[in-house]
Amino acid sequence: QVQLVESGGGLVQPGGSLRLSCAASRSILRFYVMGWYRQAPGKQRDLVALITSDDTTNYADSVKGRFTISRDNAKNTVYLQMNSLKPEDTAVYSCNAHTPSRDYWGQGTQVTVSS
């Protein structure tokens with residue numbers, strides 16, 4: 001019932017910034033816990049940040065203070081602002097909508113942090 005499309009990834013130098021976007025196909029984003037996950041080659045997929053319907057947020061320790069998750073209900077879009085990027089942030093970043101029955105995922109967007 002939920003379609004998610006990520007965008008905004010790319011190549012950036014260490015210390016730089018990117019903003020990822022996750023657009024939902026329906027105006028129901030605010031009813032679910034939304035999260036950003038990332039997976040580097042050969043590594044497991046880990047939670048980066050999440051936001052609830054009442055805008056409570058949570059972050060992985062590795063990104064706390066550098067990344068900010070936010071929501072624009074009018075645009076049906078969740079964002080991940082990434083600042084002070086490090087090479088270890090390189091991964092495919094995926095948007096997730098968590099429901100009681102299942103999780104919905106976008107196709108992912110590549111973020112590469114390199115000089």
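By convention here, the first residue in the shown sequence is residue 1. When reading the values below, keep in mind they use all heavy atoms of this one structure, side chains included, and skip hydrogens, waters and symmetry mates.
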Taking [Y]'s backbone N and O only, do any of them form a donor-acceptor pair with [X]'s side chain (distance below 3.5 Å, no angle check)?
| X | Y | value |
| --- | --- | --- |
| Thr90 | Val113 | yes |
| Gln39 | Ala91 | no |
| Glu6 | Gly108 | yes |

Side-chain touch Cys95/Trp36, heavy atoms, less than 4.5 angstrom: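 They are in side-chain contact.
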Beyond-backbone contact of Arg71 with Asp55, side-chain heavy atoms, under 4.5 angstrom: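 SC-SC contact between Arg71 and Asp55 confirmed.
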Test log, rule side-chain contact (heavy atoms from CB on, under 4.5 Å), inputs Val111 and Met82: CA-CA 10 Å; Val111 172; Met82 306 187 297; 3.8 Å; yes
Worked check of side-chain contact (heavy atoms from CB on, under 4.5 Å) between Tyr32 and Ser53: CA-CA 6 Å; Tyr32 298 100; Ser53 59; over 6 Å; no
Inter- and intrachain pairs under side chain to side chain donor-acceptor pair (under 3.5 Å), touching residues 14-23, at least two apart: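 Those involving residues 14-23 are Ser17-Asn83.
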Partner residues of Lys64 under the side chain to side chain donor-acceptor pair (under 3.5 Å) criterion, sequence neighbours left out: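 Partners of Lys64 under the side chain to side chain donor-acceptor pair (under 3.5 Å) test: Asp61.
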Results of side chain to side chain donor-acceptor pair (under 3.5 Å) for Gln110 - residues two or more places apart only: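 Here the qualifying residues are Thr112.
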Check against side-chain contact (heavy atoms from CB on, under 4.5 Å), Asp89 and Arg66: CA-CA 11 Å; Asp89 295 320; Arg66 300 187 297 121; 2.8 Å; yes
Residue pair Tyr93 / Arg38: nearest heavy atoms and the distance that separates them: OH-NH1, 2.9 Å
CA sep, side-chain torsions, deciding dist, call: Tyr37, Val92, side-chain contact (heavy atoms from CB on, under 4.5 Å): CA-CA 8 Å; Tyr37 291 73; Val92 174; over 6 Å; no
